[in-house]
Amino acid sequence: MNINNIRANFPILSRQVHGKPLVYFDNGATTQKPKCVVDKIQEMYYSVNANVHRGVHFLSQAATDEHEASRRTVQEFIGAASANEIVFTRGTTEAINLISSSFCREFCKPGDEIIISAMEHHSNIVPWQLQESISGIKLRVLPITDEGEIVLEELEKLISSRTKLISITHISNVLGTINPIEKIIEIAHQQNIPVLIDAAQSVQHVPVNVQQLDCDFLVFSSHKIYGPTGMGVLYGKEKWLEKLPPYQGGGEMISSVSFEKTTFADLPFKFEAGTPDYVGSTALATALRYISEIGLDKIAEYEHDLLTYATDQLLTIDKLKIYGTAKNKSSVISFLVNGVHHYDMGVLLDTMGVAVRTGHHCAEPLMRRFGIEGTVRASFALYNTKEEVDILVNGIRRIVKMF
């Protein structure tokens, strides 16, 4: 990887913040966009903008071709068996809401159980809690260790005859823990229990192949993988998607409508009510091609080296504690310095041009598990450098002296 060439593809990285060069370490929240992605958005609006699937004219056909080619790009990127298994959503959050709503409506009765883990993002907690009041399901929570690793031995104890689905994150957005999802899927499938994988924090960092994993559902967001905001993906095995009822009603998702009865479209359109974000889908596909050309294996290796370097450097700071010390970890470091509130740390680092995330990171139950209100989180991407890590570390040292 030529890091200088990569950084040149991201114009925003050359700007200054508060008179200092931008150091962007908030990639877990959203990644910056390469020029090719922004160019693709402009090209779509200026060259082929028209509503898809509905028009016989040239522009509509061209936009439809681009949109459906993007679906095939996503299919290839995650190794799905068919493009029919790729549903475009507004993001990970909507994709999980879609599954929680449709799955519980079709397969769950009061008292049935859904298993999640103690490290889940709110997006993989709240939709299931909503179903507790709607469908009468119960949530069961898989515990984690002080290091931030799932207690896998507890999974088989949690599984019962009432367990209908396991929904779990691949990589924690706070701890960076890479969960043993292959083993979780194996255990679940021995009991004929489907598994949903929240891959919002993984597809941009490590190769993911849904057929090899044998997961039943997988979701991720475009904006965390160098694509545009407001676009996401739900993968589902065709056998499951065929059984699930639609999540929303309207145009696009129908086969025929009368006042007496409506029949629904085939997959994947059954789950895509209304005009799709065909500009977003093509820009997402451009982002996926961009990182595929670099190579996810190379990206994973580079980011692991960066994570190791950053961890070693941060631990030289007195009274700094890292939350999330799993053996298998991705490029996220959450930390606190004793005597410095995480919010103050974030604000002061910002004055130095360093962008980090502070707070509970949409994982309040996880914060309570560790007895804290929040952390400072530095999350890395393929365009970050060791020199930027040095700026972060030196900035923290200056702030510690101030306090």
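- Dense packing is recorded around CZ of F403, with more than 12 heavy atoms of other residues, nucleotides or ligands lying under 6.0 Å away.
- Closest approach of V208 to S202, counting heavy atoms only: CG2-OG, 4.2 Å.
- Taken to the nearest 0.5 Å, the CD atom of E66 stands 11.5 Å off from the OH atom of Y278.
- Counting non-hydrogen atoms of neighbouring residues, nucleotides and ligands closer than 6.0 angstrom, the CG atom of D266 reaches no more than 12 such neighbours.
- With rounding to the nearest 0.5 angstrom, the CG atom of L241 is 6.0 Å from the CG atom of L234.
- The environment of H53 atom NE2 is dense: over 12 non-hydrogen atoms of other residues, nucleotides or ligands sit within 6.0 angstrom.
- Residue E238 places its CD atom among more than 12 non-hydrogen atoms of other residues, nucleotides or ligands, all under 6.0 Å distant.
- Under a 3.5 Å cut-off, the side chain of R369 and the backbone N or O of P143 do not form any donor-acceptor pair.
- Remark: the backbone N or O of M253 is not paired with any side-chain donor or acceptor of K270 at under 3.5 angstrom.
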Practice task
Evaluate the criterion side-chain contact (heavy atoms from CB on, under 4.5 Å) for residue pair M119 and I150; output intermediate values, then yes/no.
Solution key: CA-CA 9 Å; M119 66 175 72; I150 277 177; 4.0 Å; yes
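- Only one option out of I184, D198, I178 pairs with H170 in a side chain to side chain contact (heavy atoms under 4.5 Å, CB included); it is I178.
- A distance-only check finds a donor-acceptor pair linking the side chain of R377 to the backbone of N173 [under 3.5 Å].
- Side chains of S160 and E113: a donor on one and an acceptor on the other come within 3.5 Å.
- Of the possible polar contacts, one joining the N394 side chain to the D390 backbone as a donor-acceptor pair under 3.5 Å is found.
- Looking at Y302 and N384, their side chains never bring a donor and an acceptor atom within 3.5 Å of each other.
- Looking at S133, its side chain does come within 3.5 Å of a backbone N or O of L130 through a donor-acceptor pair.
- In terms of heavy atoms, I96 sits closest to S123 at CG2-O, 3.4 Å.
- The side-chain heavy atoms of E85 and L267, taken from C-beta on, include no pair separated by under 4.5 Å.
- Residues A50 and S60 come closest through the heavy atom pair CB-N, 3.6 Å.
- A donor atom on one side chain and an acceptor atom on the other are not found under 3.5 Å apart for T169 and H121.
- S221 and T92 share a donor-acceptor pair across their side chains, judged by distance under 3.5 Å alone.
- By the neighbour-count criterion of 12 heavy atoms within 6.0 Å, atom NZ of K243 is densely surrounded, having more than that number from other residues, nucleotides or ligands.
- For R54, the CZ atom sits in a packed shell: over 12 heavy atoms of surrounding residues, nucleotides or ligands are nearer than 6.0 Å.
- Annotation: F25 is in aromatic contact with F380 [ring centroid separation under 6.0 Å].
- With rounding to the nearest 0.5 Å, the separation of CE in M352 from CZ in R398 is 4.0 Å.
- Judged by the 6.0 Å and 45° rule, K164 forms no cation-pi pair with F107.
- Atom CG in L165 sits 11.0 Å away from atom CD1 in I116 (nearest 0.5 Å).
- Side-chain atoms of T263 come within 3.5 Å of backbone atoms of S256 as a donor-acceptor pair (strictly under, hydrogens ignored).
- Taking the side chain as every heavy atom from C-beta outward, L366 and Y323 never approach each other to under 4.5 Å.
- Between F217 and W240, the ring planes are tilted. Angles from 30° to 60° get that label.
- Side chain of N179 to main chain of I181: no donor-acceptor pair is present (N/O by atom type, distance under 3.5 Å, no hydrogens or angles).
- In this structure, CZ in R357 is found 12.5 Å from NE2 in H342, a value given to the nearest 0.5 Å.
- Counted within 6.0 Å of CD on E364, heavy atoms from surrounding residues, nucleotides or ligands total more than 12; the atom is thus considered enclosed.
- Other residues, nucleotides and ligands contribute over 12 non-hydrogen atoms within 6.0 Å of the CD atom of E106.
- Considering only heavy atoms from C-beta on, S330 stays 4.5 Å or farther from V206 through its side chain.
- In this structure, a donor-acceptor pair under 3.5 Å is present between the side chains of Y383 and N27.
- Rounded to the nearest 0.5 Å, atoms CZ (R90) and OG (S222) are 14.0 Å apart.
- Sorted by first and then second residue, the side-chain hydrogen bond (donor to acceptor under 3.5 Å, both in side chains) pairs with a member in residues 184-193 read H189-D214, H189-D216; sequence neighbours excluded.
- For K329 and E147, the salt-bridge test fails: no basic side-chain N is under 4.0 Å from an acidic carboxylate O.
- Side chain of Q201 to main chain of I171: no donor-acceptor pair is present (N/O by atom type, distance under 3.5 Å, no hydrogens or angles).
- A salt bridge links K157 with E154: the distance from a Lys NZ or Arg NE/NH1/NH2 to an Asp or Glu carboxylate oxygen falls below 4.0 Å.
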Exercise for the section: Report the C-alpha distance between E120 and S117 in whole Å, list the side-chain angles of each, state the deciding distance to 0.1 Å, and finish with yes or no for side-chain hydrogen bond (donor to acceptor under 3.5 Å, both in side chains). Expected result: CA-CA 6 Å; E120 299 305 319; S117 83; 2.5 Å; yes
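- Checked against a 6.0 Å centroid threshold, the rings of H122 and H360 count as neighbours.
- With 3.5 Å as the limit, one finds no donor-acceptor pair spanning the side chains of Q61 and T64.
- Side-chain contact, E43 with S47: no donor N or O sits under 3.5 Å from an acceptor N or O.
- In this structure, V340 and M345 approach most closely via the heavy-atom pair CG1-CE, 3.9 Å.
- Between S379 and V332, the shortest heavy-atom distance links the atoms CB-CG2, 4.1 Å.
- A donor-acceptor distance shorter than 3.5 angstrom exists from the side chain of E149 to the backbone of K327, with no hydrogens or angles considered.
- Relative ring orientation between F220 and F77 is described as tilted, the plane-to-plane angle lying within the 30° to 60° band.
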Exercise for the section: Go through Y45 and V279 one step at a time and tell me if the side-chain contact (heavy atoms from CB on, under 4.5 Å) criterion holds. Expected result: CA-CA 7 Å; Y45 278 126; V279 176; 3.7 Å; yes
Handout entry: side-chain contact (heavy atoms from CB on, under 4.5 Å) evaluation trace for L155 with I166
Key = CA-CA 10 Å; L155 179 58; I166 296 172; 4.0 Å; yes
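- Judged by distance alone, with hydrogens and angles left aside, the side-chain atoms of S102 form a donor-acceptor pair with the main-chain N or O of P245 at under 3.5 Å.
- For the pair L244 and F271, the minimum side-chain heavy-atom distance is below 4.5 Å.
- Counting heavy atoms from C-beta outward, V23 and L392 have side chains that stay 4.5 Å or more apart.
- For the pair L382/E303, a side-chain contact is recorded, criterion being any heavy-atom separation below 4.5 Å from C-beta on.
- Between F10 and Y290, the ring-plane angle classifies as perpendicular under the 30° and 60° cut-offs.
- A381 approaches L306 most closely through the heavy-atom pair O-CD2, 4.3 Å.
- With contacts defined as side-chain heavy-atom distances shorter than 4.5 Å, the pair D297/P207 qualifies.
- In this structure the side chain of S101 reaches within 4.5 angstrom of the side chain of Q131, judged on heavy atoms.
- Residues R397 and D318 are not paired through a salt bridge, judged by the lack of any N-O separation under 4.0 Å between the basic side chain and the carboxylate.
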